[in-house]
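Worksheet for the structure shown next.
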Amino acid sequence: MYKMIEKKFNHQKKHISKLFSRTIALAKKESGKSIQENNFIVKLKKSQKRCEEQTFLVAIMALAKSGKSTFLNALLGKTFLPISNVPETAVIVKIRHSEKEEHKDGYLYNKGEIVAKGTTGIYSYLKDLNKTRREDNHNLEIDLLLLAPIQALKGKDLGSIKFEMVDTPGFGEAEDEIRQGQTIYDENVDFLNETDIIIYLLDYTKLKTSKEREIIDKLSSIRPNLLEQVQERLFFVVNKIDEANSSQYNLLEEEVVDYVYEILSKDINDLVKNQISTISAYDALLGRLILENAATPEDFSDFANKAFGRRGKKKTLEECWDAARDFLYEDSKLPALEDDIIDFIYNNRGKLLLDSLVEKLESSIKQFNDYIKTAQCTLRVNKRNIEEFEAKVEGIKQKSAILHKKATEHEKGIELFANEEFSSFKKDLIKYLNYKMKAINKRGKERKSNNNKYMSTNQEYINGQIQKEIKNISNYIYRRSTPFIKEYKNKAIYKQKELLEDFNKIILIFIEDLQKVLKTVLDIELTHTEFELPKIDVQAILDRANKELDKFIDTEINKKSETKTKKEGSFCNRKEVNYTVINTYETYEIDTEELFKFWKKEIGEMCDNAVLVTKKIAKVHVKEELEKAKKEFDNYANQYLQIIQKEKDEKVKVGKKYVDERLAELATYKTQLKKIIEGINNYKKYSKESKLCITTED
């Protein structure tokens, strides 16, 4: 049965490869005229190569800090990919399944040359490379391939198919990177056009929070047409499901799949629930490291604490091993996920690979058809119509200056908005400080006579009272700031969305104008950016305050005279003599003036920094989105202007003879493309009715 299925697969693979060859031949024939080989033809050749080499790509996508690298490490059973609490991955790493003995601990290649071996060496190399790319050179040319066994595929016969999983940089870069105008977003999107399967990792801790909308927006921004193409090959994994046990979150574990299905099905047609899984990637990695004899002493310690709590340190490694087999690994839900997703991909890899390649071929043919249609249109209309069209396109392109004007207005508006919001907030906090300082003074004056609370001869006692008041103030500011900043962020995001919606409307007007002549569609989707304002670090404030405790103390030197009596003289002539004794002592009390200055400075810096971050993020992101939209629009318009200009020049140069011959040539292209499309449709019909799973388990 397996050989029969493999034979069918190879037959269909050759059929599709021939369709690519015929399309490439047509494009090459035309490349001397308008189509550039370094763009259109190169993409076709790349897809054909994947068809011939049978390289199957599974992309792992996620927002930054969602646990993507941890998830991949869990699938590998070893910690090859760097893990961090901050965005770590900055380079695309292809991971090809290999069960060769020399690859069991991993071989890492960069542009075909071995650059690292073994878990530790590969981890260190990637960590350094990520750091270099993030800090110094986002244009660094990198082509990384990791050869290592993927545990879920061990022992399974892949035949001639090369199975690759790909670690990609997370959508939503770290705040400081956004502020610097750096992004890896476009690189991600370009790469997605090559993939056959997408596994999109969601973060459980961000569901039902302000981050949730970012998940949907970033997913949508991958391009609606791409999502539509891969929706049957798109899987969602909700990570950090172990956090469902925390009272901090109000979404129970059993509710997660239903909830995620509800929010995603609004944006993704025909989504089914079995495309959604849950996992604790960290628990899965920890359990698998132990089971695969790849755990370090630190891993065992982490597991012991997870499995046994504080008593874990008293457990032996053997006890940890037993518990991993029966507890952590299964509870992480990794085995179930591998059964649901990895096994599905394995069992259907032939069909999934060919379906994906056919979609890419269809997209290229549509582009070629648009090209032919534009050339035909140019040849058939008169010179006046062409000139009117060119003038209209140039006029539309010039109108795009409106976008720059709007972006500048937004930048000024967001600055004004930020200043107004935080100015009001700052006033409220300073008003509270004034009230607090008066209260401290009042209590101090009322109790001075009792040498109480805010006045003492004991400096350590006063230090303790100051620390207590500072802690009270910091807690109050934290409680007030948290909801304020949350509301402020929502307002700022809404303002960005309004602006970007205006951008979309303007771009759509431009596109609609062009579509009156050319019936093609360009999708430009703009998204707002989610950002994190600097958090109020209570402990850092307390540490700064403790270093300056002496500033908050008023020291008063007091002198007290006391008259005493003593007897002087001989025994027979003794008399009393008065004398004065002066005692000097220090008293300490809280200096509310200095304390007020300290807190006013802290509040001012907190608010000013938040305003600065808002301005920078808004400026960088809006500029980035604007440039992306403008670039896409210009490329779209220029593509057709170049075709029109080329045909117009030849028409003027050669005359009617050229027009007749060229129209005949274009008609031949259309006929040949029609035959290629028939071949694609034949494959689709066959694929729908036949089994191309090429699984050894049939």
Side-chain angles (χ1 to χ4, degrees), residues 58-77 81 83 150-152 165 167-168 170-172 197-209 211-216 218-219 230-268 270-289 291 302-303 306-307 323-346:
V58 180
I60 313 297
M61 310 298 299
L63 290 181
K65 299 184 285 187
S66 294
K68 181 167 43 58
S69 296
T70 305
F71 172 65
L72 271 165
N73 283 333
L75 293 175
L76 289 162
L81 307 172
I83 301 170
I150 297 170
Q151 296 303 315
M165 302 189 81
D167 187 18
T168 58
F171 287 108
I197 295 279
I198 296 174
I199 298 177
Y200 199 95
L201 205 66
L202 303 174
D203 186 338
Y204 168 82
T205 65
K206 291 170 185 170
L207 299 178
K208 285 197 171 183
T209 71
K211 284 280 184 182
E212 183 179 285
R213 189 64 243 170
E214 182 186 3
I215 294 172
I216 308 304
K218 288 295 181 187
L219 184 61
V230 302
Q231 62 185 18
E232 292 182 0
R233 305 193 305 278
L234 177 63
F235 296 90
F236 294 92
V237 176
V238 183
N239 188 26
K240 305 182 186 178
I241 196 65
D242 51 307
E243 296 287 349
N245 298 323
S246 170
S247 59
Q248 181 180 354
Y249 305 105
N250 58 3
L251 192 63
L252 299 176
E253 184 173 339
E254 55 269 24
E255 299 172 334
V256 171
V257 171
D258 287 341
Y259 179 74
V260 170
Y261 172 76
E262 182 183 339
I263 61 172
L264 291 178
S265 58
K266 295 173 185 176
D267 293 84
I268 301 171
D270 302 324
L271 181 72
V272 292
K273 286 187 181 178
N274 64 8
Q275 289 174 268
I276 304 169
S277 304
T278 60
I279 192 175
S280 168
Y282 179 71
D283 288 358
L285 174 60
L286 209 51
R288 182 158 262 172
L289 286 172
L291 291 173
D302 286 349
F303 172 72
K306 259 189 172 291
R325 184 172 58 242
D326 301 328
F327 163 63
L328 194 65
Y329 180 59
E330 292 293 330
D331 280 8
S332 73
K333 301 189 182 296
L334 179 63
L337 182 145
E338 289 178 333
D339 288 344
D340 291 343
I341 298 179
I342 305 300
D343 280 2
F344 169 82
I345 294 171
Y346 169 74

- So OG1 of T205 and NZ of K240: to nearest 0.5 Å the spacing works out to 4.5 Å
- For N274, the side chain to side chain donor-acceptor pair (under 3.5 Å) test, sequence neighbours excluded, returns none
- Note on the structure: Nearest heavy-atom contact between T278 and L337 is O-CD1, 4.5 Å
- Query: Backbone N or O of L75 within a donor-acceptor pair of the Q151 side chain at under 3.5 Å?
  - Reply: no
- Minimum-distance pair of heavy atoms, taken over all atoms of I341 and S277: CD1-OG, 3.8 Å
- Query: side chain to side chain donor-acceptor pair (under 3.5 Å) with D339: which residues, sequence neighbours excluded?
  - Reply: none
- Message: My understanding is that only residues two or more places apart in sequence, or in another chain, count here; which of them pass side chain to side chain donor-acceptor pair (under 3.5 Å) with Y261?
- Response: none
- Task: Using atom types as modelled and distance alone, determine if a side-chain donor or acceptor of E330 lies under 3.5 Å from a backbone N or O of P335.
- Result: no
- Item | Verdict with supporting geometry, D203 and N239, side chain to side chain contact (heavy atoms under 4.5 Å, CB included) | CA-CA 5 Å; D203 186 338; N239 188 26; 6.0 Å; no
- Item | side chain to side chain donor-acceptor pair (under 3.5 Å) partners for D283, two or more places apart | S280, K306
- Apply side chain to side chain contact (heavy atoms under 4.5 Å, CB included) to the pair V238 and Y259, showing each step before the final yes or no. CA-CA 11 Å; V238 183; Y259 179 74; over 6 Å; no
- Name all residues meeting the salt bridge (Lys or Arg N to Asp or Glu O under 4.0 Å) criterion together with D340; count only those two or more places apart in sequence or in a different chain, and write none if there are none. none
- Message: One pair to check against side chain to side chain contact (heavy atoms under 4.5 Å, CB included): K273 and D258. What are the steps and the verdict?
- Response: CA-CA 8 Å; K273 286 187 181 178; D258 287 341; 2.8 Å; yes
- Query: Looking at residues at least two apart in the chain, or sitting in another chain, which of them share a ring pair (Phe, Tyr, Trp, His ring centres under 6.0 Å) with Y282?
  - Reply: none
- Message: Side chains of L264 and L202, heavy atoms from C-beta outward: is any pair under 4.5 Å?
- Response: yes
- Task: Please name the pair of heavy atoms, one in K68 and one in I60, separated by the smallest distance, quoted to 0.1 Å.
- Result: CD-O, 3.2 Å
- Note on the structure: From the list I241, T70, D242, V237, side-chain contact (heavy atoms from CB on, under 4.5 Å) partner of I279 resolves to V237
- Looking only at non-hydrogen atoms, find the nearest pair between A281 and G67 and report the distance. CB-O, 4.2 Å
- From L81 CG over to N73 CG, what is the distance, rounded to the nearest 0.5 angstrom? 4.5 Å
- Item | I150 vs Y346 side-chain heavy atoms within contact, under 4.5 Å | no
